[in-house]
Structures are given as structure tokens and as C-alpha cells.
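Taking it in order: structure first as C-alpha cells, then the write-up.
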Amino acid sequence: QVQLAESGGGSVQAGGSLRLSCAASGRSFSKYVMGWFRQAPGKERESVARISWGGGSTYYADSVKGRFTISRDNTKNTVYLQMNSLKPEDTAVYYCAADERIGALRGGGMDYWGKGTLVTVSS
């Protein structure tokens with residue numbers, strides 16, 4: 001079991017950047033697949049990025065490829081989402097998530113969730 005806490009959300013103009021952080025507490029953080037999801041008003045929650053146990057494998061939604069980068073520091077029990085070239089359509093509540101199953105890298109739901117942090121991108 002792991003508890004997750006996001007930070008780093010805020011308001012930014014289109015073209016700007018933000019860096020989200022997710023601090024994890026619990027056992028065996030390095031053995032969790034980690035991910036970032038987002039949910040905009042009136043839309044379903046969608047997967048943004050996922051990262052493997054050691055950080056060697058990453059997956060991104062097509063909408064953010066080339067703009068967002070997911071990374072993790074297992075010594076700090078923290079996962080990051082660097083968001084560059086932000087667009088208004090990136091506006092959403094962003095959630096970090098964790099799952100101990102290796103298969104979570106390929107998609108599907110996650111077992112543990114943070115409470116979310118709001119990202120607002122204006123024109």
C-alpha cells in the first residue's frame with residue numbers, strides 16, 4: 001500500500017511550463033509502476049504517462065508526446081511530470097497513481113491514487 005500526494009499545479013499561459021511532483025509514502029516504492037492521469041470538466045479521466053519501476057520504460061498519451069516527460073527518483077520516493085509547451089486543452093486536474101503490477105505499464109486502471117492538483121492553462 002502507498003499514499004500519494006501531488007504538488008506543483010497552478011495557472012500558466014499557453015506555451016509555458018510546469019513541473020508536477022508526487023511524493024509517495026509506503027513500502028517498496030521502487031516496485032510500483034507510477035503514472036499521471038488527468039481529468040477535465042465533463043470528460044473522463046485519461047492516462048497521460050506511465051513509468052516503470054526503475055524508470056527505464058515510459059509511455060505517453062499521443063496528445064502529450066514530445067511535450068511532457070515523466071521521471072522518478074526512487075531515493076526520494078517521488079515521481080515527476082515535466083510539462084512544456086502547455087496548451088489550453090491541457091487544463092485539468094492531474095492525478096498521480098501507483099500500481100504494483102508490471103502490467104500497469106501497458107494501460108488500464110491503477111490501484112492507488114492521489115487527490116489531484118489543478119493545472120490551468122490560459123490563452
Side-chain angles (χ1 to χ4, degrees):
Q1 187 173 358
V2 62
Q3 294 183 356
L4 308 172
E6 305 96 335
S7 63
S11 298
V12 65
Q13 291 185 327
S17 298
L18 284 174
R19 182 178 175 87
L20 305 183
S21 299
C22 179
S25 61
R27 61 184 299 172
S28 302
F29 172 78
S30 63
K31 298 300 182 182
Y32 283 87
V33 171
M34 302 295 298
W36 286 96
F37 293 70
R38 67 186 182 187
Q39 187 169 22
K43 296 184 178 180
E44 295 184 353
R45 188 173 298 184
E46 63 175 345
S47 175
V48 175
R50 301 174 190 242
I51 188 167
S52 62
W53 295 350
S57 297
T58 57
Y59 298 87
Y60 298 93
D62 288 341
S63 59
V64 307
K65 283 182 179 177
R67 299 189 298 120
F68 291 10
T69 303
I70 187 171
S71 62
R72 67 191 296 165
D73 186 342
N74 290 342
T75 67
K76 299 180 179 179
N77 288 358
T78 302
V79 63
Y80 306 94
L81 185 68
Q82 179 67 46
M83 304 184 294
N84 298 327
S85 301
L86 283 162
K87 304 175 181 180
E89 50 263 45
D90 294 319
T91 296
V93 176
Y94 283 72
Y95 301 86
C96 63
D99 201 304
E100 63 184 3
R101 298 170 298 171
I102 297 175
L105 266 175
R106 299 189 296 271
M110 307 284 270
D111 284 343
Y112 304 99
W113 296 85
K115 294 182 179 180
T117 185
L118 178 63
V119 172
T120 302
V121 185
S122 63
S123 301

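- With hydrophobic clusters built from ILVMFWY side chains whose heavy atoms lie under 4.5 angstrom apart, Trp113 shares a cluster with Val93.
- Partners of Asn84 according to the side-chain hydrogen bond (donor to acceptor under 3.5 Å, both in side chains) rule, which considers only residues two or more places apart in sequence or in another chain, are Ser17, Gln82.
- Note: the hydrophobic cluster containing Tyr60 also contains Met83 (ILVMFWY, side chain heavy atoms under 4.5 Å, direct or indirect links).
- For the residue pair Ala49 and Leu81, the shortest heavy atom distance occurs at CB-CD1, 4.3 Å.
- The two residues Ser71 and Arg19 make their nearest non-hydrogen contact at OG-NH2, 4.4 Å.
- Hydrophobic clustering (ILVMFWY, side-chain heavy atoms < 4.5 Å, transitive): Val121 and Val48 are in one cluster.
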Evaluate the side chain to side chain contact (heavy atoms under 4.5 Å, CB included) criterion for residues Val2 and Glu100: first the C-alpha distance (whole Å), next the side-chain angles of each, then the deciding distance (0.1 Å), finally the verdict. CA-CA 10 Å; Val2 62; Glu100 63 184 3; over 6 Å; no
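- With sequence neighbours excluded, the residues satisfying side-chain hydrogen bond (donor to acceptor under 3.5 Å, both in side chains) with Thr75 are Asp73.
- The two residues Leu4 and Ala24 have their closest heavy-atom pair at CD2-CB, 3.7 Å.
- Scanning for side-chain hydrogen bond (donor to acceptor under 3.5 Å, both in side chains) contacts around Ser122 gives an empty result, with sequence neighbours left out.
- Checked against side chain to side chain contact (heavy atoms under 4.5 Å, CB included), Ala5 has no partners two or more places apart in sequence or in another chain.
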With a 3.5 Å cut-off and sequence neighbours excluded, list the donor-acceptor pairs that the side chains of residues 31-41 form with protein atoms.
unit_1: Tyr32; atom_1: OH; unit_2: Gln1; atom_2: N; d: 3.0
unit_1: Trp36; atom_1: NE1; unit_2: Tyr80; atom_2: O; d: 3.4
unit_1: Arg38; atom_1: NE; unit_2: Glu46; atom_2: OE2; d: 2.8
unit_1: Arg38; atom_1: NH1; unit_2: Asp90; atom_2: OD1; d: 2.9
unit_1: Arg38; atom_1: NH1; unit_2: Tyr94; atom_2: OH; d: 2.9
unit_1: Arg38; atom_1: NH2; unit_2: Glu46; atom_2: OE2; d: 3.4
unit_1: Arg38; atom_1: NH2; unit_2: Ser63; atom_2: OG; d: 3.4
unit_1: Gln39; atom_1: NE2; unit_2: Lys43; atom_2: O; d: 3.1

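- Counting heavy atoms from C-beta on, the side chains of Glu6 and Leu20 never come closer than 4.5 Å.
- The minimum heavy-atom distance between Gly9 and Val119, with the atom names listed, is CA-CG2, 4.2 Å.
- Summarising the geometry, atom CG belonging to Leu118 is positioned 7.0 Å from atom OG belonging to Ser11; distances are rounded to the nearest 0.5 Å.
- Counting heavy-atom neighbours within 6.0 Å of Gln13 CD, excluding the residue itself, gives a total of 12 or less.
- Expressed to the nearest 0.5 Å, how far CD1 of Ile51 lies from OG1 of Thr58 amounts to 6.5 Å.
- Considering all non-hydrogen atoms of both residues, Ser21 and Thr78 come closest at CB-CG2, 4.3 Å.
- Between Ala104 and Met110, the shortest heavy-atom distance links the atoms CB-SD, 3.8 Å.
- A search for side-chain hydrogen bond (donor to acceptor under 3.5 Å, both in side chains) contacts involving Arg50 returns Ser47, not counting sequence neighbours.
- Residues Ile70 and Leu18 fall within the same hydrophobic cluster, defined by Ile, Leu, Val, Met, Phe, Trp and Tyr side chains chained together at heavy-atom separations under 4.5 Å.
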